[in-house]
Each structure stands twice: as C-alpha cells, then as structure tokens.
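In what follows, chains are A, B, ... by sequence order, proteins preceding strands, each numbered from 1.
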Number of protein chains: 2
Amino acid sequence: MSITGGNGSGKIRILIADDHEMVLDVFAMYLSSASDMEVTTGKTLDEALDHITASGPFDVVLLDLNMPGMNGVSGLRRAIRINGGKPVAIITGNPTPRMLDEIMNAGSSGIVLKTTGVRSLANAIRFMYAGEHYMPLELVRERHNAGRTTKNGRLSDKEMMVLSYLAEGKQNKEIANDLKLAEPTIKMHVTSICKKLSATNRTQAVIVARDLGLI
Amino acid sequence: MSITGGNGSGKIRILIADDHEMVLDVFAMYLSSASDMEVTTGKTLDEALDHITASGPFDVVLLDLNMPGMNGVSGLRRAIRINGGKPVAIITGNPTPRMLDEIMNAGSSGIVLKTTGVRSLANAIRFMYAGEHYMPLELVRERHNAGRTTKNGRLSDKEMMVLSYLAEGKQNKEIANDLKLAEPTIKMHVTSICKKLSATNRTQAVIVARDLGLI
DNA sequence: AATGTTACCATACTTAGGTATGGGATGGCA
DNA sequence: TGCCATCCCATACCTAAGTATGGTAACATT
C-alpha cells in the first residue's frame, strides 16, 4: 500500500462504526476538522458494511468491538474481507488479553483504546493508513503481565489460555481440539486453575476470574 | 434547589469523570461551546472527588460507572455525599436492570447513555440542573419488563431463582437442598434456563446471563 | 369445564467434569 | 550438574451435569 495513496479528493476516507453515538460525535467533530480526513459513521456493523459496498473500500475502517452485529471477531473478519485489503482496526474500552490475540490474528490493522485521547487517535489513523499495525504501549506491556496473580500463586500462560476458554463456556474437548492438546491435560489445567482461584468448579472459576479482572 | 441558581460567573459548573478520554474530549469540545456551561473533567473517581473538595460542589456531576475507583454504586454514594445535595448522575453504556435500580436507589439524579448523542446530553444536564431526575425512555421501558425476557421466552420465578445459584457456581445438589426441591427438578430448571439463554451448559448460561444483565 | 402454563417429581441413560497418580520432556537457575 | 517449575500425556475411577420421557398437581384464563 502506498503511503500517499488515496482517492481523488486527496483526503483519507475514514469509516467509523460504534453504537455509542457520543464516540461518533467525537470523530465527526474532531477528525473532520483535520483537513486531510473525511469521516463516515455508522451505528452497527451492517451499516458499516453497507457504506463500504455502496462507496467502495475506505482507507481506514474503525469498528467498535461490542457493537450490534460484531459477534466478537467474526464481524471483524467480514469487514476485512469486504474492505479489499485496506486497514480495518478495532476500537474498544478494555479488551481482554485473549480478545487482543484474536483481533490481531484475524488480520486487524490495530487496536485503538477509548481511554486514548482524540489527538493521538489522528496519529494512529495515519499510521495505519501507512500500512503499519498500531497497538497502544500499555496494551503491549499489560498483555503479558496482566493481573493473573492470586493468593494461591500466579496462573501460568497455559492456564490463562485455558481460563479464557472456560470464560466462554467451552467444554474440555473443544478446548483440547483448539489448543491441540489432550483432554486429560485440559482437565489438569482446569483443576489447577480452580485451586489457584479458590473455586470448586469451572463455573465458579469463571465468576472469580471475571470479578478479579483476569479476563 | 433553585432553577436559576448558580455561581458568580453565571455558568453551570459541570464535573465529568470517565476513564475513556475520548468521552471527556467530547464534553470539552461540545459542552464548552455551549456558552452557559463550564466543564471540568477527571479520569478517576478520586480525581473527581478532589475537584469537588478543592473548588466546592458542582452544579451537575457526571460519573462513569465503570471507572477506576467506582466499585459499582459505592463510589456514586461517596460522590453524592460530597457534592452537598447538588445532582450527581451516572454515564454508562449498557447498564443492567439491577444496576439501574441500585443507581437510582443510591440517590442519583439520573442516567445518561453513551448511546445518546451529545446534543440531547446538554438538555439532560439542564434538566438535572433544574432538580429533575433524568432517565432515557428506552431504559424506562426496559425496566418494567424486568430484563428476564430472552428471544426464547421469559424466565419464570423459579428459573430466576435457580439462575442466581448458578451464578454463584453452586452445584445442583446444593441448590436442591437450599430450595427444598429434588435434584432432578433443579436439573430440569437448568436445562430450561440454558435453552432460553441459548447456552449449551451452566457455565455459558451464567456468562450470557451476566452479559444480558439478568443477574 | 376445558386449556394452557408453571411447578414439581421420578427413572434411566449418556456425557462431561473433576480427582488421583505416575511418568516424561523442557528450560531456567543455583 | 542437580534441582525445580512448567508443561505435556495417560489410565483409571467416581461424581456431576445434561437429556429424554412420562406423569401429577395447582392455578389462572377462556
């Protein structure tokens, strides 16, 4: 992708979709005042996709992760497919470590935090427009450390991995398939997770983990 | 409280705290352009409280529900106590029915949704400044239905009861003892709950229920 | 009085979850 | 080098969870 590439008008065409109308208002107000950007907005994934099919791929697409129609990363994949190779990024508040992985693995061009001010947002957009992958520093740092320490010891990488599956209600067999491990191994991890979280079963483990902010 | 009451400058003094800096930017940009408002912002509850103690109660205080330091409504109560009778409201994305009750019972002056545009926000603020309680229509409607309705039917009283036990990670036998019912009956309820919540097992049911705000 | 809904209990069965134990491989570190 | 933690796999066993089916009773609606 060319850094200077663009459309006829010379402006970067940006598409933003979020069900928080307030956030859309930020973009409409701030980014449009940046003379080199032209912003289109939507409130659902379908609205966003309609915009793309109607007027062609945008130079940068920003999608809220929790917006109607997204269904996690599956909506992201749809958008990436439709936007013809141009960057699609996610905008969200507090992504879980696992969501981060999924988002980046799905081929997203980056992640923008709502805890970030609008000023750095414009920079992030230009960065992704140039073909780079953008991720806030605090996420990179947090990503590996995370909370994960409990009074009964800290959770290992694999345990965190398994925990994130538990948090989706997956069963051992599914987890084993996904992680290419044997089911007994998963059971072992689950048992270990429960011990460390002082939970008596997987359901309690998920509850505790959510309350602790581990996931 | 006087409708026209204010401070010396004649402007409505507004304090807004949210860890999403983007949201703060909206206020800073939009509301300050409304000539009768003067906006102060913060990123945590403590910052907000510091502002209040430093410069006295604000005419309207808006607090994000999920911001660091809030701990649900307990942070709200603290703010209300400190702000000396002047209105304190909550700003949030998707509040659960239970949260709504707690918020209003805690003495909040209202709830502002992030799904609302900034324009109606200014009106909401003036409304609360006049001593009224503000709540978006869509919330009032939802509230009466008491959540509990899903696309596959609504949960019965017993099912809600059982669900609340599931949400604590209790097992069928415990629930049966507590509710003085037979274990098979509990199993049946669990199965029914899972169907209505489109979950495949109890753990998923809990997750879905939490996300839907049923518990 | 018939119908529908909800709640309740039971038996039987299959699958999933959790525990206990043991062993092998890796890699960091004292 | 030996020690320790982590990760991985396996077998066996028992309990919990979930499904299927069928039946009784209370109660409100029609």
Side-chain angles (χ1 to χ4, degrees), chain A residues 97-98 101 143-210 214-215, chain B residues 145-209 214-215:
Chain A
R98 212 164 96 68
D101 276 338
R143 228 160 95 81
H144 220 265
N145 301 348
R148 73 197 268 181
T149 41
T150 71
K151 62 180 171 186
N152 298 335
R154 68 183 269 118
L155 273 67
S156 73
D157 287 347
K158 271 282 148 49
E159 286 164 351
M160 285 297 289
M161 199 70 217
V162 172
L163 176 58
S164 70
Y165 280 93
L166 293 187
E168 291 171 15
K170 296 279 180 66
Q171 30 183 207
N172 294 336
K173 202 177 292 180
E174 292 179 85
I175 304 175
N177 285 336
D178 268 31
L179 297 182
K180 314 254 183 261
L181 293 177
E183 195 186 333
T185 306
I186 304 299
K187 287 186 176 185
M188 205 203 50
H189 285 311
V190 172
T191 301
S192 169
I193 290 170
C194 287
K195 266 206 196 81
K196 290 184 180 175
L197 295 181
S198 308
T200 66
N201 56 49
R202 58 176 54 213
T203 304
Q204 259 188 34
V206 170
I207 297 164
V208 172
R210 280 183 82 139
L214 290 183
I215 45 182
Chain B
N145 299 352
R148 70 198 266 175
T149 41
T150 72
K151 63 180 171 186
N152 299 333
R154 68 183 272 120
L155 273 68
S156 71
D157 287 346
K158 271 279 150 47
E159 286 164 349
M160 285 297 288
M161 199 68 219
V162 172
L163 177 58
S164 70
Y165 280 93
L166 292 186
E168 291 170 16
K170 296 279 180 66
Q171 42 189 182
N172 294 336
K173 202 177 292 180
E174 292 179 84
I175 304 175
N177 284 337
D178 269 31
L179 296 182
K180 315 258 183 254
L181 293 176
E183 195 185 334
T185 306
I186 303 299
K187 287 187 178 186
M188 206 203 50
H189 285 311
V190 173
T191 302
S192 169
I193 290 170
C194 287
K195 267 207 196 80
K196 290 184 181 177
L197 295 181
S198 307
T200 66
N201 56 50
R202 58 176 55 211
T203 304
Q204 260 188 34
V206 170
I207 296 164
V208 172
L214 291 183
I215 46 181

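If you measure from atom CD of B/Glu174 to atom C1' of D/dA16, you get 12 Å, rounded to the nearest angstrom. The interatomic distance linking A/Lys173 (NZ) with D/dG18 (P) rounds to 15 Å, in whole Å. The interatomic distance linking B/Gln204 (CD) with D/dA17 (P) rounds to 16 Å, in whole Å. D/dT15 atom C1' lies 10 Å from atom NZ of B/Lys187, rounded to whole Å. Taking atom CG of residue A/Asn172 and atom C1' of nucleotide D/dA10, one finds them 15 Å apart after rounding to whole Å. Note: CZ (B/Arg202) to P (D/dA17) measures 4 Å, nearest angstrom. Rounded to whole Å, the distance from CG on B/Leu197 to C1' on D/dG18 is 16 Å. Separating the CD atom of B/Glu183 from the C1' atom of D/dG18 is a distance of 11 Å, rounded to the nearest angstrom.
Contact annotation: the side chain of B/Val206 never approaches that of A/Val206 to less than 4.5 Å [non-hydrogen atoms, C-beta and beyond]. A heavy-atom distance below 4.5 Å is found between the side chains of B/Leu181 and B/Lys158. Taking the side chain as every heavy atom from C-beta outward, B/Tyr165 and B/Ile186 never approach each other to under 4.5 Å. Between B/Leu166 and B/Ile175 the shortest side-chain heavy-atom distance falls below 4.5 Å.
Listed pair A/Ser156 / D/dT6 fails the phosphate criterion, with no side-chain N or O lying under 4.0 Å from OP1 or OP2. The phosphate of D/dT6 (OP1 or OP2) has no side-chain N or O of A/Lys158 nearer than 4.0 angstrom. Within the 4.0 Å cut-off from OP1 or OP2 of D/dA17, not a single side-chain nitrogen or oxygen of B/Thr191 is found.
Picking from D/dC9, D/dC7, D/dG18 the nucleotide with the shortest atom distance to the side chain of A/Asp157 gives D/dC7. In the set D/dG18, D/dA10, D/dC9, the nucleotide with an atom closest to the side chain of A/Met188 is D/dC9. With D/dT11, D/dC9, D/dG18 as the choices, the nucleotide that has an atom nearest any side-chain atom of A/Pro184 turns out to be D/dT11. Here the nucleotide nearest the side chain of A/Leu181, chosen from D/dA10, D/dC7, D/dC8, is D/dC8.
A/Arg202 places no side-chain N or O within donor-acceptor distance of the main-chain N or O of A/Gln171, the cut-off being under 3.5 Å.
Extent of DNA chain C lying under 4.0 Å from chain B heavy atoms, first and last nucleotide in 5' to 3' order, is C/dT6 to C/dT11.
Residue B/Glu159 is the one, among B/Glu159 and B/Asn201, whose nearest nucleotide of DNA chain C lies closer to the 5' end (criterion: closest heavy atom).
Taking A/Glu159 as the reference, A/Leu155, A/Ser156, A/His189, A/Ser192, A/Ile193, A/Lys196 meet the side-chain contact (heavy atoms from CB on, under 4.5 Å) condition, with sequence neighbours excluded.
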Checklist line | Steps toward side-chain contact (heavy atoms from CB on, under 4.5 Å) verdict (A/Thr203, B/Asn201) | finding: CA-CA 10 Å; A/Thr203 304; B/Asn201 56 50; over 6 Å; no
